[in-house]
Amino acid sequence: MDSDDDSDRFDNYNEDDEDLWLFDLQRIRENDPCKTELYWKGAFDLFGEHNYVQNITDEDWEQIGHAISSNTHLASVRLDDGALNDQNMAFLFRGLTRSRSIKTTSLYANDFSVDGVRSMVPFLRNANNLRYLNVSCSNIQSEGFNMLFRALRDSPICSLVCKGCDIELIEIDNNYIPNNLKCLDLISNNINADGCRELAKLLRGKDATLTTLWLSDNKIDDEGVGILVDALQNNTSLTALSLSENDGISKQGPTTLLKLVNNISSIKATLRSNHTLKNIFLSKLDAEEECGAHIGHALAINTKYKDDLETAGREKVIQTQLHSARRAKLADLQGVNHSVYSEINPLHLPEVLSLVGRHHGHGELYVALKSSIAGVISTVNRKEFIRQQRDYHLAKAEQLNAELAAIEAAEGDTVHVGNESHSNKRRRK
């Protein structure tokens with residue numbers, strides 16, 4: 001297909017022409033600054049408005065790829081609903097090997113597999129402005145996803161959407177993690193605990209960038225939740241986690257997540273809880289209403305103090321550790337059976353009691369005094385006992401020292417007399 005041919009066909013363009021796509025192609029070739037989006041649908045277009053896409057030949061797809069690659073104004077390419085398959089993707093990306101302008105690429109609901117991804121790799125490696133990629137409802141499966149992820153290592157990609165792609169076995173290489181990836185959407189796949197173990201690599205370390213992780217409608221169970229929670233203990237990037245519609249998650253799942261955002265086992269544990277997460281979506285939270293309410297309370301504190309993790313931790317201590325009713329419920333949910341006042345130094349009690357009275361009123365202050373007094377008395381009695389023991393042993397030591405000194409003195413006198421007597425006998429001779 002040569003350019004003169006294109007011009008003739010473009011001149012004869014009308015709205016009913018099956019070659020409608022040539023109008024878009026012409027504008028793209030001319031680098032029209034007003035043409036910033038290419039949006040075509042394929043065989044799955046319910047309204048039949050884009051059926052002409054099915055008539056584009058392989059050679060034409062290659063020419064389209066070349067035109068897009070050379071364009072500097074096109075910011076969005078959407079080829080959805082059956083527009084692409086492995087064959088025409090091979091031709092499209094033979095021409096489309098790079099882009100300086102494309103920020104958004106959607107290849108939603110197309111019939112391509114890992115072969116289509118393989119064709120796309122050069123483009124992904126050389127699209128230096130790409131921020132969003134959607135390959136949902138394709139057949140890329142695990143191999144295609146892993147290939148896609150590796151290809152995006154040096155990309156500025158921020159959002160990767162792979163819903164319903166039959167992904168199960170994920171392999172994350174720490175050396176091939178996209179440096180700017182913030183949102184990863186893997187809804188409606190077959191990811192299990194092993195997959196969670198790989199995804200956990202994206203959540204660990206000070207360089208973690210992921211802020212949103214969507215894992216609804218997979219095969220994740222309590223083990224998978226535990227793996228993700230373990231990775232999130234020290235994470236300060238993820239703000240939203242979706243685990244809804246994973247039937248393998250039991251009532252233990254919400255409890256594990258509750259402990260992540262507010263560990264009530266000690267004041268130190270509360271301060272070290274996750275204060276970054278602001279949204280957790282989990283179907284079981286509907287059934288486990290009490291647990292869900294406590295998770296919601298912790299997330300509300302995280303949201304309120306989003307820029308100050310230390311203050312968020314302190315607020316959780318005040319609102320839960322120092323509130324008897326809330327702490328009792330949290331302790332019951334998390335299997336904690338000791339009083340918070342057993343770990344507080346008596347010297348700090350005045351400050352703690354002041355916080356209780358100031359934030360929770362006189363009723364809670366009375367409960368706090370009642371709970372802490374036994375520990376104070378026990379501590380005071382222990383101190384007095386130690387003092388008494390110390391004084392007793394000091395007095396005993398003094399007595400023993402005196403007796404020892406007397407014995408040593410007596411031994412010294414006997415030796416002196418003997419010497420003197422022996423000396424006197426010599427003089428008589």
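Source: prediction; values computed, not measured.
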Name each donor-acceptor pair under 3.5 Å that joins a side chain in residues 144-154 to protein atoms two or more places apart or in another chain, with its distance.
residue : atom : partner : partner atom : Å
N146    : OD1  : E171    : N            : 3.0
N146    : ND2  : S142    : O            : 3.1
N146    : ND2  : L169    : O            : 3.2

Original post:
Can you name the residues that form a ring-ring contact (aromatic ring centres under 6.0 Å, His included) with Y305, not counting sequence neighbours?
Top reply: none

Original post:
side-chain contact (heavy atoms from CB on, under 4.5 Å) with A90: which residues, sequence neighbours excluded?
Top reply: S119

Less than 3.5 Å apart, which donor and acceptor atoms pair up between the side chains of residues 201-208 and the rest of the protein, not counting sequence neighbours?
residue : atom : partner : partner atom : Å
K201    : NZ   : I172    : O            : 3.0
K201    : NZ   : E198    : OE1          : 3.0
K201    : NZ   : E198    : OE2          : 3.4
R204    : NH2  : D230    : OD2          : 3.2

Original post:
Which residues satisfy the side-chain contact (heavy atoms from CB on, under 4.5 Å) test with S266, sequence neighbours excluded?
Top reply: K268, A269, E343

Could you go through residues 184-197 and list every donor-acceptor pair under 3.5 Å that involves a side-chain atom there, pairing it with any protein atom two or more places apart or in another chain?
residue : atom : partner : partner atom : Å
D185    : OD1  : I187    : N            : 3.2
S188    : OG   : D217    : OD2          : 2.8
N189    : OD1  : C165    : N            : 2.9
N189    : OD1  : D166    : N            : 3.0
N189    : OD1  : I167    : N            : 3.0
N189    : ND2  : C162    : O            : 3.0
N189    : ND2  : L186    : O            : 3.0
N189    : ND2  : I187    : O            : 3.3
N190    : ND2  : D166    : OD1          : 2.6
N192    : OD1  : D194    : N            : 3.0
N192    : OD1  : G195    : N            : 3.3
D194    : OD1  : R197    : NH1          : 2.9
R197    : NH2  : E223    : OE2          : 3.2

Subject >> Any donor-acceptor N or O pair under 3.5 Å, side chains T72, N31 >> reply: yes

Subject >> side chain to side chain donor-acceptor pair (under 3.5 Å) partners of N126, counting only residues at least two apart >> reply: none

**OP:** Would you please indicate yes or no on a ring centroid separation below 6.0 angstrom for W214 and F281?
**Re:** yes

Original post:
By side chain to side chain donor-acceptor pair (under 3.5 Å), which residues pair with N262, not counting sequence neighbours?
Top reply: T320

**OP:** Sort and list the pairs that fulfil salt bridge (charged side-chain N to carboxylate O under 4.0 Å, His left out) and have at least one residue in residues 128-144, not counting sequence neighbours.
**Re:** R118-E143

Subject >> Qualifying residues under side chain to side chain donor-acceptor pair (under 3.5 Å), relative to S106, sequence neighbours excluded >> reply: D80

Subject >> 4.5 Å side-chain heavy-atom contact, D221 and N246 >> reply: no

Original post:
Does F112 have any ring-ring contact (aromatic ring centres under 6.0 Å, His included) partners at least two apart in sequence or in another chain, and if so, which?
Top reply: none

**OP:** Mind checking the CD1-NZ spacing from I264 to K329? Nearest 0.5 Å is all I need.
**Re:** 13.0 Å

Original post:
What residues, two or more places apart in sequence or in another chain, satisfy side chain to side chain donor-acceptor pair (under 3.5 Å) together with S265?
Top reply: N263

